[in-house]
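The structure under discussion appears below in the form of C-alpha cells.
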Amino acid sequence: MAINDISLTAGMRNNLLALQKTTQQLSQTQDRLSSGKRVNSALDNPTNFFAAQSHLERASDLNDRKDGMSEAVQTIKSADNGIKAITALIQSAKGLASAATSTSDTLSQLTYESQFLQITSQITTLASDSGYRGTNLLTNSTLAIEFSAKTGAASLSVAGFKADAVSLGVSSTANWTTVANATQAMANMDNALTTLRAKSSTLASNLSIVTARQDFT
C-alpha cells in the first residue's frame, strides 16, 4: 500500500500532532538548558531577541572598556612607582651634594660628584623603564582611556612628562670642588623634587578617576 493511501482517523491525527508538538517543545527546552537563555533566536520571540542582542553587544563593549581601564591603571601605577624610585635617588644625590659643601677636601668632593653622576645615570634609566605595554608616562607619552561604550562619549587623557635627569635639571656636570656648584646642584634637585611631587599628585588624581569609572562600569 502506498504511503499516500494511508488514512488517519481524527483521533490518530490529533495524537500525531500532539507528539510533534511535544518533540518540538523538548527540543526547545534542550536549547534553553544548553544556552541558559529563554530566547535563543528571532523565531522564539523577535522583540525580546533583538532587544537582548542590543544589550549583549553593549555589555561586550563595556567589558572591553573595563579591560582598557585595567591596563590604564597598571600604566599609571608603573609611572608612579618610577616617580617614587627617582625621588629616592634624587634625595640620595642631594645628600652627596650636601656632603660636598661641608668639606674642603678636593678628593672627597670629586668622589661625591662621581657618585652623583652615577645616580643621575640611574635616574634616566629608571624613567625609561617605567612603562607598561608600550606606554611610558615618564618619557612624555600620553595615555588615552575610553569609559563609555560609545567611542569619544566619555574619556580621559593622561599626559606624561620627561623624567630623565636632563629634563629634571639634575644632570649638572659643574665641578663640585667649587662649593657654589654643589650648592646650585642642591637647588636644582629641590626643584626636581617639587616637580615630581606635583606630577605624582596629578597621576594619583587620574588614577582615582579611572578606578571610580572602572567600578561604575
Side-chain angles (χ1 to χ4, degrees), residues 67-103 108-147 154-216:
D67 290 341
M69 285 180 254
S70 295
E71 295 295 298
V73 167
Q74 296 306 317
T75 301
I76 295 173
K77 284 183 176 180
S78 292
D80 188 57
N81 287 335
I83 289 176
K84 289 176 180 176
I86 291 171
T87 297
L89 287 178
I90 292 178
Q91 289 172 336
S92 295
K94 188 178 174 182
L96 294 173
S98 178
T101 62
S102 302
T103 182
S108 295
Q109 290 171 330
L110 291 175
T111 299
Y112 293 140
E113 182 185 356
S114 176
Q115 293 173 347
F116 166 77
L117 293 176
Q118 290 179 356
I119 288 177
T120 58
S121 175
Q122 289 301 315
I123 288 173
T124 299
T125 301
L126 261 173
S128 65
D129 289 342
S130 297
Y132 179 79
R133 298 193 69 174
T135 302
N136 191 340
L137 295 175
L138 300 192
T139 58
N140 211 30
S141 294
T142 299
L143 177 63
I145 313 161
E146 292 285 350
F147 297 133
S155 61
L156 175 68
S157 180
V158 181
F161 69 104
K162 290 185 177 181
D164 58 277
V166 174
S167 299
L168 290 174
V170 296
S171 61
S172 174
T173 56
N175 196 310
W176 281 11
T177 53
T178 301
V179 173
N181 292 338
T183 301
Q184 182 60 52
M186 289 178 63
N188 292 341
M189 285 184 275
D190 283 335
N191 292 334
L193 290 172
T194 298
T195 298
L196 290 172
R197 292 187 186 108
K199 296 297 184 181
S200 181
S201 177
T202 300
L203 285 178
S205 176
N206 289 326
L207 182 60
S208 296
I209 293 173
V210 176
T211 53
R213 290 302 304 241
Q214 190 177 32
D215 292 339
F216 171 76

Do any N or O atoms from the side chain of T139 and from the backbone of S128 form a donor-acceptor pair under 3.5 angstrom?
-> no
So do Y132 and N81 actually touch side chain to side chain, heavy atoms under 4.5 Å?
-> no
If every non-hydrogen atom of T135 is compared with every non-hydrogen atom of S141, which pair is closest and at what distance?
-> CG2-CB, 4.2 Å
Would you please test I145 and I209 for side-chain contact (heavy atoms from CB on, under 4.5 Å) and show each step?
-> CA-CA 11 Å; I145 313 161; I209 293 173; over 6 Å; no
Could you walk me through whether N188 and Q184 pass side-chain contact (heavy atoms from CB on, under 4.5 Å), step by step?
-> CA-CA 6 Å; N188 292 341; Q184 182 60 52; 3.0 Å; yes
Distance-minimising heavy-atom pair for A165 and I123 = N-CG2, 3.9 Å
Under 3.5 Å, side chain of S121 to main-chain N/O of L117, donor-acceptor pair present?
-> no
Enter the distance from M186:CE to N181:CG here, rounded to the nearest 0.5 Å.
-> 13.5 Å
Go through the side-chain N and O atoms of S167 and D164 and say whether any donor and acceptor fall under 3.5 Å apart.
-> yes
With D129 via salt bridge (charged side-chain N to carboxylate O under 4.0 Å, His left out) - residues at least two apart | none
Sequence neighbours excluded, the answer for ring pair (Phe, Tyr, Trp, His ring centres under 6.0 Å) partners of F116 is W176
Could you tell me the separation between the CD1 atom of I86 and the OG1 atom of T195, rounded to the nearest 0.5 Å?
-> 12.0 Å
How would you list all residue pairs meeting ring pair (Phe, Tyr, Trp, His ring centres under 6.0 Å) that involve residues 74-93, not counting sequence neighbours?
-> none
Distance in Å, T111 OG1 paired with Q109 CD, rounded so as to fall on 0.5 Å steps = 10.0 Å
Tell me the salt bridge (Lys or Arg N to Asp or Glu O under 4.0 Å) pairs involving residues 134-146, sequence neighbours left out?
-> none
Rounded to the nearest 0.5 Å, how far apart are CE of M189 and CG of L168?
-> 12.0 Å
In short, S130 meets S78 closest at the heavy-atom pair O-CB, 3.5 Å
Looking only at non-hydrogen atoms, find the nearest pair between V158 and L137 and report the distance.
-> O-CD2, 3.8 Å
Set of salt bridge (charged side-chain N to carboxylate O under 4.0 Å, His left out) partners for K162, sequence neighbours left out | none
Correct closest heavy-atom pair for I119 and L89 would be CG2-O, 3.5 Å
From L207 CG over to Q74 CD, what is the distance, rounded to the nearest 0.5 angstrom?
-> 9.5 Å
Carefully, step by step, assess M69 and V73 under the rule side-chain contact (heavy atoms from CB on, under 4.5 Å).
-> CA-CA 6 Å; M69 285 180 254; V73 167; 5.5 Å; no
Any side-chain hydrogen bond (donor to acceptor under 3.5 Å, both in side chains) involving residues 92-103? Give me the pairs, sequence neighbours left out, ordered by first then second residue.
-> K94-D190
For the pair N206 and L143, evaluate side-chain contact (heavy atoms from CB on, under 4.5 Å) and give the outcome as yes or no after the intermediate values.
-> CA-CA 11 Å; N206 289 326; L143 177 63; over 6 Å; no
Quick one: does T75's side chain get under 4.5 Å of R133's, heavy atoms only?
-> no
Enter the distance from N140:CG to F161:CZ here, rounded to the nearest 0.5 Å.
-> 9.5 Å
Could you pull out the closest heavy-atom pair between D80 and S200, with the gap in Å?
-> OD1-OG, 3.1 Å
